[in-house]
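The structure under discussion appears below in the form of structure tokens.
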Amino acid sequence: MRIHYVFLGAFLALAQAAYAEVASPPVLEPLKRQAQAAELSAQFLSRYSYKPVPLDDALSAKVMDGFIKSLDPDRMLFLQADVDRFMADRNEIDDAIEKQDLKIPFAIFNAYEQRVVDRMTYARGLLKQGFDFSAQEDFSVLRDKAPWPQSDAESNELWRKRVKSDWLRLKLGGKTDAAIRETLDKRYENTLERAYKFKSDDVFQSFMDAYSTSIDPHTDYFGAAASADFNVSMKLSLFGIGAVLQERDDYTTIRELVPGGPAQLSGKLAVGDRITGVGQGKDGAIKEVVGTRLDEVVQLIRGKKGSVVRLDILPADAGADGTHRVISLVRDKITLDKQAARKTVLSVKAGDATRKIGIITLPVFYEDFDAKRKGDKDYKSASRDVAKLLGELKDEKVDSVLIDLRNNGGGSLDEAIDLTGLFIGKGPVVQQRGSDGKVEVKSADLAAPVWTGPMGVLINRGSASASEIFAAAIQDYGRGVIVGEPSFGKGTVQTVVDLDQIVHNSKPEFGELKVTIAQFFRVNGGTTQLHGVTPDLSLPGLSDPTAFGETSYDNALPWAEIKPAKYPRAETVATLLPALQSRHDARVKTDPDFQRLVKDIADLKAQREKGVISLNEAERRKEAAAREKRLKDRAEAGDGEDLGDDGLEAGERSLSADIAIENARKNAKDVLLNEAAAILADEADLQQGVLKAATKQ
């Protein structure tokens, strides 16, 4: 099979000539270690995945489709002619990987960079003129299945509407024409500048993402940066200075100081301060980082515990030519408490009584694998933290416990099992079937449950994997009531494989693979794959199930069923469900907050199905007026502040304004959580009624 490099090369030469008015972005080249890592990954994935997929022409075509889609998901950048040229090589990826040759994906990425530069340059040029907002025309916001533009003229028309849409949104937000020009010019300039900052590893990560997810939706490749981020997300800790950083106008800016971290304890840093240089050790040279990518600055600041990092700081209140100061900080262990389990208590009226509902929010099933393996008795884990919180809730004499797993995408399988044990004690939790067809039953093994009272689980479409294992086990045992919307539908198990260890490489070069190795099944024999966990009581959800969830993947494993495990099932919750449903229906019918949420969801669904927005100012002002009235009514009802659309994106407001909006959203009334707590209050009330009736007998 002949590889058509000549076409891509000719295209790039033409492209660079056409865009001579702006500097072309750097031409990125594959590295030898990347080609070796791709070939090594292919060997492993074609043999050891749960459902091995051979690296052949069919998979090659899927990888190509996925790679192009990842670069241009809305089909706003490439022309049809570009895609046709790329597709000439769609059956060649397999041979190229085997030959350790990555010219094809790199050529495509270089063309993508050039298209970004071209389109952003064109968009900025449009700002010099005005727009006629009295015309009747629409802009399509759902373009993932739209045809690519056939010509430069068609692409220009598409971008004219895109820029007009951005302009109109800011105009409706009350901005003047001069302010709009300045804002959009900066927005497009920032996008353009990012095209000049891409590195070879970015291309390789994007390509390997496309390759790995072509095997199955949850197989992933982790380069060095992605691997470090994954490890941090599981440990909930890192070694650094304890500052949340954000890129703003080419500066790495302090957005938040972690309480108890070196940055906060030093008293030398404040929110809004800008880091302009980073030096290693007490007297290492300071490297300027203005204009440097945020991830690269973060890597410079992280380091070994006890080591010194020096920061050149431009204070928040200083101008660009203001006086800098250099500070020294000693790196320490930083715990990411925001991702750790946390609790609150709500008092809810149910029947004639007021019930105390303990709510435990768990964003991820974390576990510090390294610390556990080393025998650290105080290693960080989700189930340990929840057990501690349950003890505190017992002391506070709560009537029921709600585990909030909304948007918890999973994590450690062992933690899901141990968390289930806190509520059932001993017993099977999940069944796991490997690629050899053998089924292993995995059980919780606590002498006794930590919490024996009424409980429930709140889930949504973002609850996946370990969240689904826990919720399904609680439902199958009849241990608690499941509330929310159907979960994600991920019923597979992954493990992380270090490619350097496989080839006994002494230094980290090749990265890691997160590989699907098994499918899990509920103790009742069914799987959460595709179907997810269906709640006992449904609440409305904002997500689009056709675009988010396992069913949105065309290569997801099918639903399946095996023999159920032996487990005891309580019928208490099942007998209470009709009464819980009846109370829920009656309550939400007269709850204005709930009804407003239902209306919001209906409006969002209608807009989503419409797929286009009007570019006519009068029509949009009419829509905006109706939306603003709803927001005002909501604010007057005490449901958060009026957060109207100002047309700005994150980073375009002042830092204090961005933080204020973030806090307002965080503090807004959580309608679904409140209703879930009310359902659990009803559960506690009804269970107490059943106990009283049984006692009288």
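Not measured: the values here are computed from a predicted model. Here, residue 1 is the first one in the sequence, and each next residue gets the next number.
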Exercise for review: Determine the interplanar angle of the F44 and Y48 rings, folded into 0 to 90°, and report it as parallel if under 30°, tilted if 30 to 60°, perpendicular if over 60°.
Suggested key: tilted

Review point. Any side-chain donor-acceptor pair under 3.5 Å between N460 and N407?
Key: yes

Check your understanding: Are any of the side-chain heavy atoms of D216 and T219 separated by less than 4.5 Å?
Key -> yes

Revision key, fill the gap. dist E256:CD -> L655:CG (nearest 0.5 Å) comes out at 10.5 Å

**Study point:** Closest heavy-atom pair and its distance - T528, A472
**Key:** CG2-CB, 4.3 Å

Review point. Does atom NZ of K186 have more than 12 heavy-atom neighbours, drawn from other residues, nucleotides or ligands, at distances under 6.0 Å?
Key: yes

Practice item. Could you go through the side chain to side chain donor-acceptor pair (under 3.5 Å) check for Q299 and D295 one step at a time? Key: CA-CA 6 Å; Q299 290 307 313; D295 59 334; over 6 Å; no

Point to revise | Option passing side-chain contact (heavy atoms from CB on, under 4.5 Å) with V116 (candidates L192, T191, L71) | key: T191

Review point. Are the side chains of I327 and L269 in touch, meaning some heavy atoms are under 4.5 Å apart?
Key: yes

Review point. Does F106 offer a backbone N or O that forms a donor-acceptor pair with the side chain of N110 under 3.5 Å?
Key: yes

Practice item. Decide yes or no on ring-ring contact (aromatic ring centres under 6.0 Å, His included) for Y221 and F204, but give the supporting numbers first. Key: CA-CA 10 Å; Y221 173 80; F204 184 61; 5.4 Å; yes

Check your understanding: Once you round to the nearest 0.5 Å, how far does CD1 of I241 lie from CG of L329?
Key -> 5.5 Å

**Study point:** Contact summary for G434 and A518, nearest pair of heavy atoms
**Key:** CA-CB, 4.2 Å

Practice item. Starting from the C-alpha separation in whole Å, work towards a yes-or-no answer on side chain to side chain contact (heavy atoms under 4.5 Å, CB included) for I97 and F207. Key: CA-CA 11 Å; I97 288 176; F207 172 66; 4.0 Å; yes

Check your understanding: Which heavy-atom pair separates I459 from A471 by the least distance, and what is that distance?
Key -> CG2-CB, 4.2 Å

Point to revise | K62 NZ: over 12 foreign heavy atoms closer than 6.0 Å | key: no

Practice item. Measure from NZ or CZ of R384 to the centre of the six-membered ring of Y379, then state whether that distance is under 6.0 Å and the direction lies within 45° of the axis. Key: yes

Check your understanding: Does the side chain of Q529 come under 3.5 Å of the side chain of E550 through a donor N or O and an acceptor N or O?
Key -> yes

Review point. Is a side-chain donor or acceptor of E415 paired with a backbone partner of S383 at a separation under 3.5 angstrom?
Key: yes

Exercise for review: With the side chain counted from C-beta on, respond yes when L59 and Y211 share a heavy-atom pair under 4.5 Å apart, and no when they do not.
Suggested key: yes

Check your understanding: Below 4.5 Å, heavy atoms only, C-beta onward: do L513 and V496 meet side chain to side chain?
Key -> no

Check your understanding: Does a salt bridge link E468 with K490, judged by any charged N lying under 4.0 Å from a carboxylate O?
Key -> no

Check your understanding: Between Q114 (side chain) and A111 (backbone), is there a donor-acceptor pair under 3.5 Å?
Key -> no

**Study point:** Beyond-backbone contact of R653 with I661, side-chain heavy atoms, under 4.5 angstrom
**Key:** yes

Review point. Quick one: OH on Y50 to CG on D436, what's the gap to the nearest 0.5 Å?
Key: 9.5 Å

Check your understanding: E98 side chain to D95 main-chain N or O, any donor-acceptor pair under 3.5 Å?
Key -> no

Check your understanding: Does a donor on one side chain sit under 3.5 Å from an acceptor on the other, for N505 and D500?
Key -> yes

Check your understanding: Is any NZ, NE, NH1 or NH2 atom of the basic residue among D201 and K199 found under 4.0 Å from an Asp or Glu carboxylate oxygen of the other?
Key -> no

**Study point:** Spacing of CD1 belonging to I108 relative to CG belonging to L102, to within rounding of 0.5 Å
**Key:** 11.5 Å

Practice item. Kindly compute the distance separating CZ (R302) from CG (L300), expressed to the nearest 0.5 Å. Key: 11.5 Å

Study note, to complete from the structure: Looking only at heavy atoms, the pair that brings V533 and S487 closest together is N-OG, 2.6 Å

Check your understanding: Ion pair present between K99 and D101, side-chain N to carboxylate O less than 4.0 angstrom?
Key -> no

**Study point:** Over all atoms of both residues, closest heavy-atom pair of V289 and I275
**Key:** CG2-O, 3.5 Å

Review point. If you measure from the Lys or Arg side-chain nitrogens to the Asp or Glu carboxylate oxygens, is any gap between E652 and R187 under 4.0 Å?
Key: yes

**Study point:** F239 six-ring centre to R331 NZ/CZ under 6.0 Å and within 45° of normal
**Key:** no

Check your understanding: Going from CD1 on I215 to CG on L55, what distance comes out if it is rounded to the nearest 0.5 angstrom?
Key -> 7.5 Å

Practice item. Assess whether side chain to side chain donor-acceptor pair (under 3.5 Å) is satisfied between D337 and T335, documenting all intermediate values. Key: CA-CA 6 Å; D337 289 329; T335 302; 5.0 Å; no

Exercise for review: Could you tell me whether a side-chain N or O of D144 sits under 3.5 Å from a main-chain N or O of P73, the two making a donor and an acceptor?
Suggested key: no

Check your understanding: Do D220 and S212 have side-chain N/O donor and acceptor atoms under 3.5 Å apart?
Key -> no

Point to revise | Criterion side chain to side chain contact (heavy atoms under 4.5 Å, CB included) on V278 and D312, from CA distance to verdict | key: CA-CA 6 Å; V278 181; D312 189 325; over 6 Å; no

Review point. Under 3.5 Å, side chain of S60 to main-chain N/O of R90, donor-acceptor pair present?
Key: yes

Point to revise | Side chains of K372 and E367 in contact at under 4.5 Å (non-hydrogen atoms) | key: yes

Check your understanding: For residues D414 and S412, is any side-chain donor paired with an opposing acceptor at under 3.5 Å?
Key -> no

Point to revise | Donor-acceptor contact present, side-chain R75 to main-chain A146, <3.5 Å | key: yes

Check your understanding: Taking atom types as modelled and ignoring hydrogens, do the side chains of S200 and Q34 form a donor-acceptor contact shorter than 3.5 angstrom?
Key -> yes

Review point. Can you find a side-chain donor-acceptor pair between D385 and Y366 that sits under 3.5 Å?
Key: yes

**Study point:** Mutual orientation of the aromatic rings belonging to F78 and F86 [parallel < 30°, tilted 30-60°, perpendicular > 60°]
**Key:** perpendicular

Review point. Between R293, K197, R255, R194, which is the residue that forms a salt bridge (charged side-chain N to carboxylate O under 4.0 Å, His left out) with E247?
Key: K197

Practice item. Would you check if the side chain of D229 reaches a backbone N or O of A226 as a donor-acceptor pair within less than 3.5 Å? Key: no

Check your understanding: Just wondering, do P262 and V330 contact through their side chains at under 4.5 Å, heavy atoms?
Key -> no

Practice item. Could you check whether the rings of F198 and Y112 sit parallel, tilted or perpendicular, using 30° and 60° as the cut-offs? Key: tilted

Check your understanding: Does any donor atom in the side chain of Q494 or T492 lie under 3.5 Å from an acceptor atom in the other side chain?
Key -> yes

Point to revise | Side-chain donor/acceptor of S49 to backbone N/O of L45, under 3.5 Å | key: yes

Review point. So do L413 and Q432 actually touch side chain to side chain, heavy atoms under 4.5 Å?
Key: yes

Point to revise | Any donor-acceptor N or O pair under 3.5 Å, side chains Q246, D658 | key: no

Check your understanding: Is there a donor-acceptor pair closer than 3.5 Å between any side-chain N or O of D72 and the backbone N or O of L77?
Key -> yes

Review point. Quick one: do E512 and K514 make a salt bridge, cutoff under 4.0 Å?
Key: no

Practice item. Grab the two heavy atoms, one from G409 and one from S465, that are nearest each other, plus how far apart they are. Key: O-CB, 3.8 Å

